[in-house]
Protein chains: 2
Amino acid sequence: MKERHEHILGEVVRAYLNTGQPVGSRTLAEQGELGLSPASIRNVMAELERQGMLSSPHTSAGRVPTDSGLRYFVDSLMAVDPDMNQQLENAVAGHLPGTPERNILLKRATDELASLTHFAGMVWVHEQGFNRINRIELVPVSSEKLLAVIVTDSGEVQNRLIVRPGDTSDAQLHEISLRLNELLSGCNLEEARLRLQREMETDRLKVRHLLEDLKRWADAPTEGQTEMFVSGQRQLLEMPEFAVVDTIRSLMCAIEEREQLLHLVEQVESEESGVKVFIGSEHALVNMEQVSVVLSRYQGPANLVGTLGVIGPRRMHYERVVPIVDCTAKWVSRMLGGGLQTK
Amino acid sequence: MKERHEHILGEVVRAYLNTGQPVGSRTLAEQGELGLSPASIRNVMAELERQGMLSSPHTSAGRVPTDSGLRYFVDSLMAVDPDMNQQLENAVAGHLPGTPERNILLKRATDELASLTHFAGMVWVHEQGFNRINRIELVPVSSEKLLAVIVTDSGEVQNRLIVRPGDTSDAQLHEISLRLNELLSGCNLEEARLRLQREMETDRLKVRHLLEDLKRWADAPTEGQTEMFVSGQRQLLEMPEFAVVDTIRSLMCAIEEREQLLHLVEQVESEESGVKVFIGSEHALVNMEQVSVVLSRYQGPANLVGTLGVIGPRRMHYERVVPIVDCTAKWVSRMLGGGLQTK
DNA sequence: GTCAAGCACTCTAGCGAAGAGAGTGCCAGT
DNA sequence: ACTGGCACTCTCTTCGCTAGAGTGCTTGAC
């Protein structure tokens, strides 16, 4: 594409991102960035419209960038301020200190995404079903109940109340704990199930009921296999383009139902450069042509991998949002990798 | 109030709850419940308007019940179908089987409230700061980290990663666990802090760092001292009265900020009959005159007490919503009381 | 060949007028 | 005490009009 065309496309996009309104040739000329008359700008704009980069809502409105136009802008024209990147990294790291438990860390990252971008922040955890049990502990709670705590090697903590075998002292319970750790440490779910089954048959510890309870836990389809955190949905209501309830409704539905979004998340490859942007109809979410999604993979230790990003109006400042998502993903990877490494 | 007036007020409210539109004298007469001519109905309606039970948006619209009108209806006119109560109890109990961990149970109750009413369901837990530690356990996670699990006597499970003291074997860790249990079982937060302080001075176990970590935990302002679960916000978007974005925005703000709602929750006394209804301006939430809140206390074991309910449009079917909230509160109380009692 | 100026054309947003519809209040009659 | 009838009021919708903004095209200058 000719340099002048790129220049003008860039200006149209920038003006559109700022105002959300169609931009006309005169406003662009008066703005003075180009040093051209409205008429000349018009010629170029007409050309860009033929190429599918711009479109006009009607004859006498200005031009609005199409999805392709925004795509070209994001891919080739967008200039990321190098200062900002540094600044952002500091901001992200500053707001998110410490190494808390995994889910708390991820929840905080979600909040941070939302507050930095003013859109809705989202974080997914893909278990991949390969979690290995790192530790299992039985904590006495009352005479009838005990709490089974499992720590996986990806740093996740799960706990569940189960029935306490009759007449077991705390010391005996500790015995059983030790035995279970021998038995199950390093197992994934599948193996754990098998070994529990085998153990039930010999049952040296006479705790058949307890083993059954545990097995039932392992058998249950691991709900929340892809966990999801969301934050800041409210801020989307502030955007003027969502003043029509219909759009916001589709948006909330998509967030609550998760199916559609998961499908999108799968398209983000971890090998790629990092951030992936879906503009308007590119993400194929129904009734959400006015919505864009910016995502990036993060990588924790072992088999923990996830995706995070934001969902917001098509008219978002990609120059700012893309680095935010990028920094957050890197920061989360670093925190997870550094803080929870199990070996 | 005269019987006829009550009768007509009741019909106006019912018609309004169904349609959401102002109701006129003719529609009411044609409906045939009253056996009166439009003119007679008009006379009564004018009287009711003078009493502040009804109001007309403008001269030639029908009448809409005021907050007082709805209040009178809820207090004196509302007939709760006795069958429904039984039916609801079955429905609630049916959808919510088992006795999982406390927070999961409460989350499920929230979902159930939302799905039964089609509004947003909410559940709060008021800790009252009196929680006693029932059990504390240290679970080894890696060579550098361990997981501290605390079970309170209200059945709540908290866990946190802390630094593992250098060169401690799993067996030693168990030793420390036992000692900590001796030290802290039955303590509330205040006592725990004191005892940890004292222990740090003598420190028989040479684990000063660990004790410091724990103390820091106890010192931290217990965040989420009033926990809150929300579900089904999306369904509020379906309500035609929330088609204007402003109302829904205030609503989402109120839910996310929590402050205002907490203030409201405090007004629900546990001794009272059960369900408390706040209609329109009664709850003094800003910009939410079109919103009603229905709440009830539930009572768990020991010092665990909470509030649950729904938030929805002023025009809700109170005859249905009130028993739903009532049943859910009773069911939650039963589940918590029965399943997690510690002694 | 490139750019700018001018002009006719098109489309929308906003405003006021007019008419339909719904509901009321009041009066008179049974 | 209740009802039928009538005049009145207010809103909602539709229609037509105008001002404003922006375009495309043609023509002329460098």
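Reminder, nothing fancy here: chain letters follow the sequence lines and each chain counts from 1.
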(message) If you compare every side-chain N and O of A:Arg4 against the phosphate oxygens of C:dC3 (OP1, OP2), does one of them come in below 4.0 Å?
(response) yes

(message) Less than 3.5 Å apart, any donor N or O on the side chain of A:Ser296 or A:Asp326 sitting next to an acceptor on the other?
(response) no

(request) Calculate the interatomic distance between A:Leu48 atom CG and D:dG22 atom P; express it in whole Å. (result) 18 Å

(message) Any carboxylate oxygen within less than 4.0 angstrom of a Lys/Arg side-chain nitrogen, looking at A:Glu319 and A:Arg14?
(response) yes

(request) Answer with base, sugar-phosphate or nothing: what part of the nucleic acid does A:Ser56 contact at a heavy-atom distance below 4.0 Å? (result) nothing

(request) Output yes when B:Arg314 and B:Glu289 qualify as a salt bridge under the 4.0 Å nitrogen-oxygen rule, no when they do not. (result) no

(message) Rounded to whole Å, how long is the line connecting atom CD of B:Gln21 with atom C1' of C:dG21?
(response) 14 Å

(message) Nearest whole Å is fine: how far is D:dC25 C1' from A:Glu47 CD?
(response) 16 Å

(request) Round to a whole Å and report the spacing from OH of A:Tyr16 to P of D:dG22. (result) 16 Å

(message) I'd like to know if the side chain of A:Thr110 reaches the main chain of A:Met122, judged simply by a donor and an acceptor atom lying under 3.5 Å from each other, with no hydrogens or angles considered.
(response) no

(request) Could you check how far CG of B:Leu28 sits from C1' of C:dT24, rounded to whole Å? (result) 15 Å

(message) What is the distance, to the nearest angstrom, from the CD atom on B:Gln31 to the C1' atom on C:dG23?
(response) 17 Å

(request) Starting at atom CD of B:Glu49, determine the distance to atom C1' of C:dC26, rounded to an integer number of angstrom. (result) 15 Å

(request) Would you tell me whether B:Glu49 and B:Ser56 have side-chain atoms, one donor and one acceptor, within less than 3.5 Å of each other? (result) yes

(request) Given side-chain contact (heavy atoms from CB on, under 4.5 Å), test B:Leu285 with B:Phe278 step by step and report yes or no. (result) CA-CA 10 Å; B:Leu285 301 175; B:Phe278 298 87; over 6 Å; no

(message) Rounded to whole Å, how long is the line connecting atom CG of B:Leu34 with atom P of D:dA1?
(response) 18 Å

(message) Within the 4.0 Å limit for protein heavy atoms, which parts of nucleotides 3-13 of chain D are touched? Write it as a string from 5' to 3', B for base, S for sugar-phosphate only, - for none.
(response) BBB---BBS--

